[in-house]
Each structure stands twice: as C-alpha cells, then as structure tokens.
Engineer: 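Take a look at this one; I'll ask things after.
First the proteins, then the strands, lettered A, B, ... as listed; each starts at 1. The analysis underlying the following values was restricted to heavy atoms, covering all of them including side chains, and did not include hydrogens, waters or symmetry mates. From a predicted model like this one, the values you see are computed outputs, not experimental measurements.
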Amino acid sequence: MAESQASYEPAVVERKWQERWRAQRANSPELDRAERPFYQLMMFPYPSAEGLHIGNVFAFTGNDIYGRFQRLQGNTVFEPIGFDAFGIHSENYALKVGIHPMELIPKNIENFRRQLRRVGLMVDWSHELSTTDPAYYKWTQWIFLQLLNKGLAYKKKAAVNWCPSCKTVLSNEQVVNGECERCGSAVEQRFLEQWFFRISEYAPRLLANLDWIDWSETTKTAQRNWIGKSEGAEVRFEISGSGKREAGSVPAPPAASPSPDIRVFTTRPDTLFGATYLVLAPEHPLVAEITTPEQRAAVEAYLDQTARQDLVSRRVTDKVKTGVFTGAYAINPATRRPIPIWIADYVLMEYGTGAIMAVPGHDERDFEFAVTFGLPIVRVVAGPGQDSATPFDGAAYTETDGAHLVNSDRFDGLSVPEGKKRIVEWLESVGAGKGVVNYRLHDWCISRQRYWGPPIPVIYCDRCGVQQVPERDLPVLLPPIEDFRPDDSGVSPLARHEEWYRVPCPECGAMARRETDVSDTFLDSAWYFLRYPNTEYDDRPFDQARTRKWLPVDSYIGGNEHAVLHLLYTRFITMVLHDMGYLDFEEPFERFRAHGLIIREGAKMSKSRGNVVNPDEYIEQWGADAFRTYLMFLGPFEEGGDFRDAGISGVKRFLDRLWASVHEARETGEPDPAVMRKLHRTIRKVSEDIPRLSYNTAIAMMMEYMNVLRAGERTPHRAEVEPLVSLAAPFAPHIAEELWERLGHERGVFDSGWPEYDPALLEEDEIDLVVQVNGKVRGKIRVPREVPRDAALERALTEPGIAKFVPDTPKRVILVPGRLLNIV
RNA sequence: GCGAGAGUGGCGGAAUUGGUAGACGCGCUGGACUUAGGAUCCAGUGGGGAAAACCCGUGGGGGUUCGAGUCCCCCCUUUCGCACCA
C-alpha cells in the first residue's frame, strides 16, 4: 500500500464521506425491497436551542454502532431520526427569548441536522419527521379519535397546580417549594375538566407482558413498580350515627342509588378487627353528605386549607398529619362497633377508593394520625413472643413474618397470609367485601392548557354535546397566534381566539366551540416509531404492508429517564392500535436497552457548573471518529461513564496507528501465525461484545490487537490489517470507509460483510498453566493444552521455584483444564 | 421510607460458570529519534521491600471453598428513580 500516504486528517476524510453518503443516499434503504429488514430506533431528541447535547451524541453513537454492525451482518438497516419539538420545553424557551416557536423550532432543527450529520450517523434522512409538522400531528389527532371511539378517552375534573397570580396552570416541575417558579406566589390546586386515556384498564396486560419482552431489567423493574400491582380487599362500611342524610343543603341521592356505604381498599384485610376509624380523602364525594351540622364549619375550613396547597407539597411525607372529624360514624363489619369517620389529606382520592380503614396498630401513618388525634389503637397482630396485650412501644407493628392474629375473635392464632385469606372469605360470605387487585397506575391525563402542542380534535356543541372533528377535517391546525404567552385572562392561549375556536358543529351545523387544550407531548412520541417507515403517505398514518414488514422495532436504545412515561405510553398506544386491528403486534419494541449517563470529571454536567461538553468543539479538534470511539470507550455503554478530556488522545492515537498500519502493510510474504491467532480472537471478542453493547471492551481488544500488530516496529501484513478496518467501522465509520477504499475495494465497507473468525485458529496447542500451591500462585509451566493431571504435577515439580513450596505428600491436586493447577 | 444500581491502582475502567486481580486507555518514569517536542516510537508502572526472596492488597467485619472482586450473613458509603399508593 505504498500509494499516496497522506497523513490522517479527520476533517478531510469525514467531510468526504459525509458528502458521499448523502449524494449516494447510502443510508436510505428501499424499504419495500429489503429482504432482511432491521429497524434500529433511537429516541428522538427535543431540538433545544443549545444544540446537540453530549448525552444525545453518546446515545446516538451507541445506537449507530449497533445499527452499523447489523448492516455489516448483511441486514438492511433502517435508522431514522426525527424531532420531538412540541411541548413545554420549547414553549418556555420561546417565551424566554421572545421568539415564536414556529420560527424558533425550524432553526433549532436545522442546527441539529448539521450536528447530527457531523457525528456520522447512518441515518436515513429521507424519513425524517417532526412532531410539529401538520402532516405528522394530523395522525396524532387521529390516534386521539381512535381512543375516543374505543371509549378509552374520557373527560373528568382533575386537580392541577394553579398560580393565582400568573393565572395559569403549572406543571409539577414549575412548582418550587409550593411557589410558582416564575412569580413566587403560593400555588393552589384547582379542578379543571381534562381529557384522560384509560391506560389503567391496560395495567394487567402492561404488567404481564413485561415477563417476556427483551428489555433491560432495570427498565422492566421501573415499569413494574410504576404499575404497582397490589392485592388486597375492598371492604364496605355502613354508615351509622347522626350524620347520615342530615346535610340540609345537599340533595339526597336518587332513590335508585345504593345506600352510601363507604368502600375502602386495604392490602391488610387480616387487620380488619383493628380498624378503629375511617379516613376519607378531602375530595371524597361523600364528605359533604356525611358531615354533621356541628362539624360542618371545621370540615369546610379543612377542605379550604387543603385546596390552598399545591399538588407537590400535599405529598410531602414527613409533614405532620392533619385531619378533621366529620361527626359521622361507620360500623366495623368485624367488630360491629361504631368507629369515627375522619377526613385527612394523607389519603389520596386517586388511589384505591379514596377512603381507608385506619389500623393504627399496624400502619405507621395511621399510628401517627391516631396519636395526634387521640384515637384508639388496638393490637390485632402479634409477633413472635408477643401476645394480645403487648404494648406498642411508640410505633406501629408492621412485621408480618412469623406473626399471628390476636384480638380477632375466631381468627385468632392464624398467620398473616392465612388471616388475609380467611377474612376475605368471610367478607365475601356476608357481602361486606371482596378480594380485589389494585394498581397504582392511574389514567393518563393528556390535556395541556398550553399553546405549543397539537389541538385536541374535539368540538363542543350546545345541542349535540361532544363531537369529534371528522377525519376529513384533520389536521386541526395550530394557529400561528402571536399572543401564545399566558396572561391574566385565566384561559389557555387558544381560548382567546374566537376566530379559531368558533366553528360549526359537524353534526348539526350550529355554532359550536373547539376544544382549546392541546395534547401532551408524550402522545406525540407514543407512536413516532410507526410513522418513520411511512412518512411518504399522507392518506394514512401507516401503511399495512410496510408496517408488517418493518415492525415491531428490532432494537431500541434510549435513556432510562423514559423508563416509565414514554415507554409505558408507547406500549399502551401500541396495544390499543393492536386491539383495534391496525397492528398485528402488541409490543412495539422487540428489544430495548437503557444506556447510562455521561458525567464530566466526576460531576454531573450543567450549565451552572460550566462543564458542559460542546460536541462541535471536540469534533473540530479530534474528528467525529475519535470522538465517537472515545465516548464508547470511557465506560460500559449501559452504565455511562466519566468524560475526561485527557482520555480522547489514546483513541485518536489508535486511529492514527490504524491509518499507518493500512498504508504500511506489505502484500508479500506470509502473515505471522501468532498475529493471526490474535486477530481471530479479536474478531470473536468484537463480534460478541457489540451485541452485548459492551463497546468499551470491544475497543480495548482492538487496541490490544494493534499493540500485537505493531509490536517491535514490525511491518504488518495486509491480511493482518484488513479485517481490523471492518471491526473498527461501526465505531469510526469515516476512517474505515476511507481505508477500505484505499485498500482497493469498490464497494463500501458497510456493504462488504463482517469478518468471520476461524475457531481452529483461536487456541494454541501449548499453553501456560498457572501453578498454585495452597491457593497461592507460585509459577507457570508450559504444557500441552490437554495435559493430564499427573503429568502436569510432575512437570510442575521440576520447577525449583514451585517445588520448594510443595510439601512431601500433597493432600490434593486440582487441575482446572486449560487454566490452572492447585497443589494442596 | 421503598425500589434499582455502584464501591477494584494516581485517574477512567477490565476480569464467561468461583480459577494468574488490575486487560485497554490516561497519567507518570526512563530511553530512542530530534535544533526542539505538548509529535512519534520503545520499555517500565498496585503497595511495602535495596533489584531478589517474600509479604500485603478489590469499602469494613465474619463465613463457605483447594481457591472468593465474584457465593452467603452483618455493617458502612454512594448514585439514581419513586415518594403519605392504604
């Protein structure tokens, strides 16, 4: 290879290949012709004004390596990218700089495209998408309508954080210490009509499928916890005492409605005999009805106090328990005794039934509450060595192992699990309750009282009620209004534009009103992977044949910060579309792997610390290939790593030596057998490590091979070098293409296959066997690989350095074939 | 509090099923080539010990084993989620 041995200039090489890939559409496969389609999906970025973050580069490079590896294996790889450009991030930034998002976002996207190209990703730019494109969100709106049709979208009042000064809704992130992050006023909760998706109906399936999908365990665990299945019982408590039906201002329920029993959910039905009071959430519908006249003022004051809190501080666990007595009593079905009904904000309306039976003896929160308000505490579970009279010693007894029931009448003496079972059976037999399964997962609120999102495609008509926007009228375009800034009017920005929201009812034609909320960004990203292969279709969200060929996604890699929201919503939407017959699979991603996070010099990267890595600068200085390879080298991909500026030089040196090796390689003579053996071991190691995303060790092995290849300033043989170019290609694609071309190949390296290793070449006939005496390493002996134990021992004893530690009669001799000999 | 993960040289990090701890890289030391080197190449580099012999070493303490970074028990530190979920 004596040809033009110009030195390695990354900038020149990278520009050349990026231009060529673009010109030849090298990364845009013909989707309908692919024989072995492989869909490599990366989590699309939010196009911030700051540009590509190092975390994006890390994640995308890791994806790209896997995708390029699959292509080298002979698959047709589709590696698309797009932009998640709607949402509060973009809107807030636009507000801050005073530029309309419709102007800002295209600029940001343009900058992202430039940066992504420089990284050298194998992206198919012909299928790029943006969630803000009407051609995209038309189908986001269509999906909303599908859920509405299926009865999976509904409207209800729900609490939001409300800033009384800005007169706007705040997300939990915008509430800081109970105050509005912008103006500092105390945040309150308000109840607004919002759209929800019934994801909770899918909880059992979302949970069950986790058992078989090939996802990172950490992600699956996070989803399991989030779905939060718990088994227990629902118990019905009759209301007794003077409070019932005495609330003059409250109309009595219609005759048909059942008596207003209070239903509670508990995971500890075994403690039923210890329930000494009930607690309702402040929002519980029966509160007004059961409150006695004497207690009315106190209860109203408490409800008012609760409403004044924001949703974040309401949930602080370590605050002092507060509550108020309603004046009413219920009957404990087990003891038949009346117990008081309280209201407290530690009970949440959105979990279970919004009411609990309090068992202060065996629940920490109930214990604390009972102590605060002087309510009775009864022991119904006793641990080993305890009995029914054992005092509590200042805390609830929550252990269950080895414990038995006491003060529980005929259930005394049962273990906790047995007690649960028997008491549930009893409840069912007397009609006072039943065993139930509860999930913490609650329905997905998709309404946003904001501007920068897809309008929810619904029209309200005074005569016809809630009407869908007909499919032919989609998309409902987001109007380019100037005053997208929230103001004092107290409504979402679109609600200030009568010319936009006043439309004829699609049913009767009378003047009606559009929904003025937009949908959650997570809805945009819950289906984008379906759109990528179908971006050219404007008459359907996704084509059936195309989708059958390319989906589900073969490999998805992304951050674990999306473990629960994005990845759960995506699974939900896929299941719904599957159930409606649009998809023939119900899990969107065959394989998902969560990558780690990059920190810098031991600390998290942040603007305030001033240690944010700007990818442009590093690519400028070292080249994209070195930058990519270094990012993959600094730690295990699934764990992340510590970015240290000094480290990148080692990787650059490796690429320099690769360049030199190709140019110096001789074509005459024979390759060295020992070097070839190392080469084949390297091929095996890299081939095994890439699928495991063990990129750092794959790179280390290539470096090790490089050291062997060039040891003692030897001149490598072409056969020793050429396969290394292929191995390095997924990591450093530009230099690999260039060197491959310089090696005289007409086809690009990515279409030239992956090197195979020869198993026969991996092992030597003679090995160094480690010899231990009493477990301590004392030396090495050169022996045939399959040496028998006694022969190895004999050989070992000829080494004076070993023999001197060996006693006259060894008790035991252990041979681990191919590894070591231990003489005891 | 609950859940998941992590503690290995000066630093980032290696180490199938228990089988040579510290691969690879950075840094450092010495050398070669050089007018020069922050370029390149070669060699060395866990600690103690004079170079040897040898001893000690994977957060701490126990244990199992011929053999433990790896398995078991207890404890400490730390990162990240979720946080009054009944």
Engineer: Taking all heavy atoms of A/V287 and all of A/A281, pick out the closest pair and write down the distance.
Structural biologist: CG2-O, 3.7 Å
Engineer: Which nucleotides of nucleotides 38-47 of chain B have their base under 4.0 Å from a protein heavy atom (B), which only their sugar-phosphate (S), and which neither (-), written as one string 5' to 3'?
Structural biologist: --SSS-----
Engineer: With a distance cut-off below 6.0 Å to the six-membered ring centre and an angular limit of 45° from the axis, does A/R628 pair with A/F731 as a cation-pi contact?
Structural biologist: no
Engineer: Side chain of A/T221: nearest nucleotide among B/A86, B/A4, B/G25?
Structural biologist: B/A4
Engineer: Where each residue is assigned the nucleotide of RNA chain B containing its nearest heavy atom, which of A/A222 and A/E688 is assigned the position nearer the 5′ end?
Structural biologist: A/E688
Engineer: Dot-bracket notation for RNA chain B is requested: 5' to 3', Watson-Crick or G-U wobble pairs only, both distances under 3.5 Å, with ( ), [ ], | and . as defined.
Structural biologist: (((((((..(((......[....)))((((((.......))))))(((.....)))..(((((..]....))))))))))))....
Engineer: Counting side-chain heavy atoms from CB outward, which of B/C24, B/C55, B/C82 is closest to A/W226?
Structural biologist: B/C82
Engineer: Just call it for A/R778: base, sugar-phosphate, or nothing, with non-hydrogen atoms closer than 4.0 Å on any strand.
Structural biologist: sugar-phosphate
Engineer: Report which part of the nucleic acid A/N696 touches: base, sugar-phosphate, or nothing (heavy-atom distance under 4.0 Å, all strands).
Structural biologist: sugar-phosphate
Engineer: Decide yes or no on side-chain hydrogen bond (donor to acceptor under 3.5 Å, both in side chains) for A/Y302 and A/T326, but give the supporting numbers first.
Structural biologist: CA-CA 11 Å; A/Y302 185 72; A/T326 60; over 6 Å; no
Engineer: What is the distance from CD of A/E217 to P of B/G5, rounded to the nearest Å?
Structural biologist: 9 Å
Engineer: A/V816 near the nucleic acid: base, sugar-phosphate alone, or nothing, with a heavy-atom cut-off under 4.0 Å?
Structural biologist: base
Engineer: For the side chain of A/D642, starting at C-beta, report the closest nucleotide among B/G25, B/U20, B/G13.
Structural biologist: B/G13
Engineer: Please give the distance between the P atoms of B/A23 and B/G9 as a whole number of Å.
Structural biologist: 13 Å
Engineer: If I take atom CZ in residue A/R600 and atom C1' in nucleotide B/G12, what distance separates them, rounded to the nearest angstrom?
Structural biologist: 14 Å
Engineer: Taking the six-membered ring of A/Y705 as reference, does the cationic atom of A/K678 (NZ for Lys, CZ for Arg) lie under 6.0 Å from its centre and within 45° of its axis?
Structural biologist: no
Engineer: Just do the side chain to side chain contact (heavy atoms under 4.5 Å, CB included) check on A/L568 and A/L441 with the steps written out, would you?
Structural biologist: CA-CA 10 Å; A/L568 200 61; A/L441 180 66; 3.8 Å; yes
Engineer: May I ask you to say what A/V824 touches in the nucleic acid, namely base, sugar-phosphate or nothing, with a heavy-atom cut-off under 4.0 Å?
Structural biologist: sugar-phosphate
Engineer: If you go through the side-chain atoms of A/K811, does one of them form a donor-acceptor pair with the base of B/C66 closer than 3.5 Å?
Structural biologist: no
Engineer: Could you go through the side-chain hydrogen bond (donor to acceptor under 3.5 Å, both in side chains) check for A/D345 and A/T306 one step at a time?
Structural biologist: CA-CA 7 Å; A/D345 68 357; A/T306 306; 4.9 Å; no
Engineer: Once you round it to whole Å, what is the distance between C1' of B/G25 and CZ of A/F654?
Structural biologist: 12 Å
Engineer: Tell me, please, whether A/F237 has A/R263 positioned over its six-membered ring: NZ or CZ under 6.0 Å from the ring centre and within 45 degrees of its axis?
Structural biologist: no
Engineer: For A/R224 and B/G5, what is the distance between atoms CZ and C1' respectively, to the nearest whole Å?
Structural biologist: 16 Å
Engineer: So does A/R268 pair up with A/D363, basic N to acidic O under 4.0 Å?
Structural biologist: no
Engineer: Going by atom types only, do A/S230 and A/Y351 share a side-chain donor-acceptor pair under 3.5 Å?
Structural biologist: yes
Engineer: Going through the distances and angles, do A/T697 and A/D689 end up as a side-chain hydrogen bond (donor to acceptor under 3.5 Å, both in side chains)?
Structural biologist: CA-CA 7 Å; A/T697 54; A/D689 281 356; 2.8 Å; yes
Engineer: Quick one: do A/F643 and A/Y618 satisfy ring pair (Phe, Tyr, Trp, His ring centres under 6.0 Å)? Show the steps, please.
Structural biologist: CA-CA 12 Å; A/F643 190 99; A/Y618 285 83; 5.2 Å; yes
Engineer: Any side-chain N or O of A/R644 below 4.0 angstrom from OP1/OP2 of B/C26?
Structural biologist: no
Engineer: Roughly how many Å is it from CG in A/L568 to P in B/C82, rounded to a whole number?
Structural biologist: 14 Å
Engineer: Does A/K685 make a side-chain N or O approach to OP1 or OP2 of B/C24 shorter than 4.0 Å?
Structural biologist: no
Engineer: Any side-chain N or O of A/K220 less than 4.0 Å from the OP1 or OP2 oxygen of B/A4?
Structural biologist: no
Engineer: Among B/C84, B/C82, B/C24, which nucleotide has an atom closest to any side-chain atom of A/M703?
Structural biologist: B/C24
Engineer: Mind checking whether A/I781 and A/I802 have side chains closer than 4.5 Å, heavy atoms only?
Structural biologist: yes
Engineer: Let me know, please, whether A/Y346 or A/T218 comes out on the 5' side of the other along RNA chain B by nearest nucleotide.
Structural biologist: A/T218
Engineer: To the nearest Å, give me how far apart CG (A/L272) and P (B/A86) are.
Structural biologist: 17 Å
Engineer: Using atom NZ of A/K776 as one end and atom C1' of B/C66 as the other, report the distance to the nearest whole Å.
Structural biologist: 14 Å
Engineer: Select base, sugar-phosphate, or nothing to describe what A/E704 touches, counting heavy atoms under 4.0 Å on all strands.
Structural biologist: sugar-phosphate
Engineer: A/Y630 OH to B/G13 C1': how many Å, rounded?
Structural biologist: 10 Å
Engineer: Heavy atoms only, 4.0 Å cut-off, all strands: where does A/N822 land among base, sugar-phosphate and nothing?
Structural biologist: base
Engineer: Base of B/G9 relative to its sugar, syn (within 90° of 0) or anti?
Structural biologist: syn
Engineer: Among B/A21, B/G19, B/A86, which is the nearest nucleotide to the side chain of A/T266?
Structural biologist: B/A86
Engineer: Compare side-chain N and O positions of A/N774 against OP1 and OP2 of B/G67 and report whether any pair is under 4.0 Å apart.
Structural biologist: no
Engineer: Looking across every strand, which nucleic acid part, if any, lies under 4.0 Å from A/I814 by heavy atom: base, sugar-phosphate, or nothing?
Structural biologist: base
Engineer: So what does A/V813 hit on the nucleic acid, given a heavy-atom distance under 4.0 Å: a base, only sugar-phosphate, or nothing?
Structural biologist: nothing
